[in-house]
Amino acid sequence: MAVIFELAGQGAQMFLVLLLAPLLIGFVRKVKARLVRRQGPSLIQPYRDLIRLMRKEVVLADNASWLFRVTPYLIFAATWVAAALVPTFAAGLQFSWTADLIVIVALLGSARFFQGLAGMDVGTSFGGIGASREVMIASLAEPAMLLIVFSLALVAGATQLSTVAAFMGSPEVGLRVSLGMSLIALVIVAIAENARIPVDNPATHLELTMVHEAMILEYSGRHLAMIELATFLKLLLYVSLISCVFLPWGLAHAGAGPKALAVGAAAYLVKLGALTILLAVFETAIAKMRVFRVPDFLGAALMLALLGTLLLFVSRSL
């Protein structure tokens with residue numbers, strides 16, 4: 001019975017992230033519209049868009065290979081698994097032993113690899129431009145992300161998210177400058193990885209500034225729906241990751257009863273809403289930067305993560 005209860009909890013988390021991801025995007029768009037005194041689209045508009053795309057016929061380029069057809073499903077599967085591994089309302093679930101930060105980075109890196117290949121597969125200039133820009137961003141974002149993981153591993157003694165969340169929620173963690181640097185670096189990486197302002201503007205399709213959108217211009221129908229849903233899941237993943245690691249309050253522990261799980265779910269929704277509002281305010285207050293400024297932006301994350309790691313090494317040797 002206990003195993004069934006734990007499996008049900010793990011399954012609930014998998015479907016929770018799948019259901020909440022479009023709502024998160026809808027909430028960001030709504031808050032941004034309200035901040036500039038517009039009505040804005042409905043909160044459920046992303047669900048409607050996905051359903052509309054799923055009903056449409058897929059149109060493929062004549063020279064599209066099998067890789068172009070398979071990639072949307074690979075991207076969706078890798079991103080969904082990665083998002084489902086991050087503890088949302090409870091830690092220590094049935095498959096929590098797989099919820100490792102390095103595994104999550106590897107899954108997201110695999111999804112990016114296949115997306116870049118698919119962008120170049122049909123041979124259009126837009127796909128090539130988008131893929132090259134995506135790889136340029138990844139070459140700075142992934143090392144910064146790995147350094148953040150190393151910093152957290154040095155502090156918590158593990159890269160497993162349940163262990164990290166338990167340590168960060170304990171009084172032992174205290175105030176550490178390196179953790180503050182890791183948080184800022186993680187926020188910068190999350191903005192870049194999700195193609196948000198100021199790195200990219202997901203609401204525009206300008207030829208000279210497109211990054212993510214340039215790689216998926218040739219997709220349509222259910223293929224585009226899979227990629228869009230994976231994009232929504234990726235944003236939810238990073239928001240959940242920041243919430244789990246740096247705001248672990250309210251997270252239910254392993255073997256907790258229904259009441260603790262309900263409290264964890266409520267706390268997760270509150271943290272998700274607060275972080276989403278902060279994202280919307282930030283994007284409304286800042287302009288998109290030019291593409292050649294992006295390396296400077298991500299370089300700051302890389303330097304912060306590196307400095308945080310070095311500080312931990314130095315403080316441990318004293």
Side-chain angles (χ1 to χ4, degrees), residues 14-26 28-29 41-85 104-138 141 192-196 199-207 209-238:
M14 289 190 70
F15 286 101
L16 179 70
V17 296
L18 193 62
L19 289 174
L20 281 182
L23 184 63
L24 178 71
I25 295 295
V28 172
R29 292 173 182 169
S42 168
L43 286 175
I44 61 171
Q45 187 60 44
Y47 296 100
R48 293 173 179 162
D49 293 339
L50 290 175
I51 293 171
R52 176 175 52 82
L53 287 173
M54 291 296 288
R55 289 175 176 170
K56 283 191 172 183
E57 183 182 357
V58 173
V59 179
L60 292 171
D62 294 335
N63 57 343
S65 71
W66 62 270
L67 181 67
F68 188 82
R69 299 181 180 88
V70 170
T71 294
Y73 303 101
L74 291 176
I75 294 172
F76 171 71
T79 312
W80 187 19
V81 170
L85 289 179
I104 291 171
V105 173
L107 285 170
L108 294 178
S110 302
R112 177 188 294 109
F113 173 73
F114 282 106
Q115 189 167 18
L117 287 181
M120 295 185 292
D121 184 71
V122 293
T124 62
S125 56
F126 281 131
I129 290 172
S132 64
R133 288 176 178 173
E134 182 74 11
V135 171
M136 181 268 290
I137 291 173
E193 290 278 20
N194 288 282
R196 308 298 304 187
V199 175
D200 194 5
N201 188 350
T204 63
H205 292 78
L206 298 176
E207 176 185 346
T209 60
M210 282 192 298
V211 180
H212 174 75
E213 295 293 328
M215 290 186 293
I216 62 173
L217 278 179
E218 298 298 322
Y219 279 110
S220 60
R222 62 178 181 277
H223 290 166
L224 183 57
M226 289 290 104
I227 294 177
E228 290 289 338
L229 187 52
T231 306
F232 300 164
L233 282 166
K234 194 174 181 181
L235 179 60
L236 182 72
L237 182 156
Y238 274 97

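Numbers here are sequence positions counted from 1. This one's a predicted model, so the numbers in the text were calculated from it and none came from an experiment.
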Distance, nearest 0.5 Å, that separates [atom1] of [X] from [atom2] of [Y]:
X: L23; Y: Y47; atom1: CG; atom2: OH; answer: 4.5 Å
X: D200; Y: E134; atom1: CG; atom2: CD; answer: 9.0 Å
X: I216; Y: H223; atom1: CD1; atom2: NE2; answer: 13.5 Å
X: L233; Y: L20; atom1: CG; atom2: CG; answer: 10.0 Å
X: I44; Y: L50; atom1: CD1; atom2: CG; answer: 12.0 Å
X: Q115; Y: L74; atom1: CD; atom2: CG; answer: 11.5 Å

Measure from the side-chain N and O atoms of [X] to the backbone N and O of [Y], and report whether any donor-acceptor pair falls under 3.5 Å.
X: Y73; Y: M226; answer: no
X: S220; Y: V59; answer: yes
X: T79; Y: F76; answer: no
X: W80; Y: M14; answer: yes

Residue pair [X] / [Y]: nearest heavy atoms and the distance that separates them:
X: G221; Y: V58; answer: CA-CG2, 4.3 Å
X: P46; Y: P22; answer: CG-O, 3.3 Å
X: A192; Y: I137; answer: CB-CG2, 4.1 Å
X: V17; Y: L236; answer: O-CD2, 3.2 Å
X: N194; Y: T231; answer: OD1-O, 4.3 Å
X: A64; Y: F68; answer: CB-CD2, 3.8 Å

With a 4.5 Å heavy-atom cut-off, do [X] and [Y] have their side chains touching?
X: T124; Y: L217; value: no
X: M215; Y: I227; value: no
X: L229; Y: L18; value: yes
X: D121; Y: T71; value: no

Check salt bridge (charged side-chain N to carboxylate O under 4.0 Å, His left out) between R52 and all other residues, then give those that pass, not counting sequence neighbours.
-> D49
